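No experiment lies behind these values; they were computed from the predicted model shown.
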Amino acid sequence: MKKITTIQLIPVIALGCSALLYAVTGCSRAPEAPPKEVTIQADDKMRYDVTAFDASPGQKVSVTIKNIGTTPKFSMGHNFVLLDRTLNAGNVQSAFLDKASTEASHDYVPPGAKEVLAHSKLLGPGESETVTFHAPYIPGDYLYLCSFPGHYSQGTKGFMTVK
C-alpha cells in the first residue's frame with residue numbers, strides 16, 4: 001500500500017473546499033428587485049411631472065417619457081437623458097448641456113457621449129417612447145433631464161436614486 005503525504009493531500013483538500021464553496025454560493029443568486037416602471041410627462045411649461053424615483057442596484061428600469069404639450073417639436077421637443085453620477089447641478093451645463101445644444105440632428109444627445117447612460121429620442125406633441133436600462137450598481141443620485149436647449153434650467157430634470 002502506498003503512503004499518502006500531506007503535500008499530496010493539499011490539492012485534494014483545496015479542490016474539495018472549492019466545490020463546497022461553489023455549492024453554497026454558486027447555486028443561489030442574490031434576490032433581484034422586480035422591474036421598475038416609471039412614466040414621466042413633459043409639457044409646454046418645460047417641467048417633468050416626476051422629478052425623483054428610486055431604483056435598486058442593477059434593477060431593470062423602464063422609463064416612458066410622454067410629451068403632453070401642444071407646441072411643435074422644433075421649438076418645444078422633449079427627451080429623457082440619464083447621466084452618469086459624476087454630473088450634477090454644478091457641472092452639467094459645461095460638461096454636457098453645452099455640447100448637447102449643438103446636436104439638433106442627434107436629438108440633442110452627442111453621439112458617443114460616455115456620460116449618457118440611457119436616452120430617448122426627441123418627442124413632439126402627443127408622442128411617447130419607453131427607454132429600458134439597468135440601474136447602475138454604484139449607489140448614488142443620477143441626474144436625468146431634457147437636453148433640448150433651455151429646458152434643464154426651466155425645470156425639466158430629476159434624479160434617479162440608486163440605493
Side-chain angles (χ1 to χ4, degrees), residues 22 25-163:
Y22 177 76
T25 62
C27 293
S28 63
R29 296 177 51 173
E32 292 182 16
K36 177 103 173 176
E37 294 182 6
V38 179
T39 299
I40 300 173
Q41 297 182 90
D43 59 23
D44 290 343
K45 295 177 185 170
M46 294 182 273
R47 300 260 189 243
Y48 283 154
D49 68 334
V50 175
T51 58
F53 66 91
D54 295 337
S56 298
Q59 183 177 25
K60 184 178 179 180
V61 179
S62 292
V63 173
T64 300
I65 179 78
K66 295 180 178 183
N67 183 344
I68 60 168
T70 58
T71 305
K73 179 173 155 178
F74 71 87
S75 60
M76 189 62 72
H78 295 295
N79 63 7
F80 168 86
V81 181
L82 177 66
L83 299 171
D84 183 74
R85 69 186 179 94
T86 59
L87 292 163
N88 55 50
N91 66 7
V92 71
Q93 188 66 50
S94 62
F96 177 73
L97 289 171
D98 288 345
K99 290 185 291 186
S101 69
T102 65
E103 295 292 343
S105 63
H106 296 108
D107 293 334
Y108 298 104
V109 179
K114 292 181 178 17
E115 61 273 17
V116 175
L117 302 180
H119 70 88
S120 72
K121 65 183 181 182
L122 192 66
L123 304 171
E127 294 181 324
S128 66
E129 182 179 17
T130 300
V131 179
T132 301
F133 56 92
H134 284 90
Y137 285 93
I138 299 171
D141 291 328
Y142 291 79
L143 178 64
Y144 62 86
L145 52 81
C146 175
S147 61
F148 192 95
H151 288 200
Y152 170 81
S153 63
Q154 296 300 311
T156 317
K157 57 189 169 192
F159 283 96
M160 176 182 74
T161 301
V162 176
K163 57 180 178 176

Just verifying a value: how many Å separate F148 CZ and K73 NZ, rounded to the nearest 0.5 Å?
10.0 Å

Using modelled atom types only, decide if a donor and an acceptor are shared between the side chain of D49 and the backbone of Q41 within a distance under 3.5 Å.
yes

What's the separation between atom NE2 in H78 and atom OG1 in T71, rounded to the nearest 0.5 Å?
7.5 Å

On a heavy-atom basis, the closest approach of A55 and V61 is CB-CG2, 4.1 Å

About how many Å separate CG of D43 and CE of M76, when rounded to the nearest 0.5 Å?
8.5 Å

I'd like to check F133 versus L117 (side-chain heavy atoms, cut-off strictly below 4.5 Å). Are they in contact?
no

Using a 3.5 Å cut-off and no angle test, enumerate the donor-acceptor pairs between side-chain atoms of residues 79-86 and protein atoms at least two apart in sequence or in another chain.
| unit_1 | atom_1 | unit_2 | atom_2 | d |
| --- | --- | --- | --- | --- |
| N79 | OD1 | S147 | N | 2.8 |
| N79 | ND2 | D107 | O | 3.0 |
| N79 | ND2 | S147 | OG | 2.9 |
| D84 | OD2 | T86 | N | 3.0 |
| D84 | OD2 | T86 | OG1 | 2.7 |

Using atom types as modelled and distance alone, determine if a side-chain donor or acceptor of Q154 lies under 3.5 Å from a backbone N or O of R47.
no

With a cut-off of 6.0 Å (strictly less than), are more than 12 heavy atoms of other residues, nucleotides or ligands near NZ of K157?
yes

Can you sort out the partners of K163 under salt bridge (charged side-chain N to carboxylate O under 4.0 Å, His left out), two or more places apart, ordered by chain and number?
D54

Given side-chain contact (heavy atoms from CB on, under 4.5 Å), test T132 with K60 step by step and report yes or no.
CA-CA 7 Å; T132 301; K60 184 178 179 180; 3.5 Å; yes

Quick one: does Y144's side chain have a donor or acceptor within less than 3.5 Å of a partner on A118's backbone?
no

Taking the side chain from D44 and the backbone from T70, do they hold a donor-acceptor pair closer than 3.5 Å?
yes

Short question: side chain of Y108, backbone of P149 - any donor-acceptor pair under 3.5 Å?
no

Short question: side chain of T156, backbone of M46 - any donor-acceptor pair under 3.5 Å?
yes

Gap between atom CD1 of I40 and atom OG of S128 - 0.5 Å precision:
12.5 Å

Listing, residues 95-103 side-chain donor-acceptor contacts under 3.5 Å, not counting sequence neighbours, or none:
| unit_1 | atom_1 | unit_2 | atom_2 | d |
| --- | --- | --- | --- | --- |
| D98 | OD1 | Q93 | NE2 | 2.8 |
| K99 | NZ | A95 | O | 3.4 |
| K99 | NZ | E115 | OE2 | 3.0 |
| S101 | OG | D98 | O | 2.8 |
| T102 | OG1 | K99 | O | 2.9 |
| E103 | OE1 | H106 | ND1 | 2.8 |

Grab the two heavy atoms, one from Q59 and one from P34, that are nearest each other, plus how far apart they are.
NE2-O, 2.5 Å

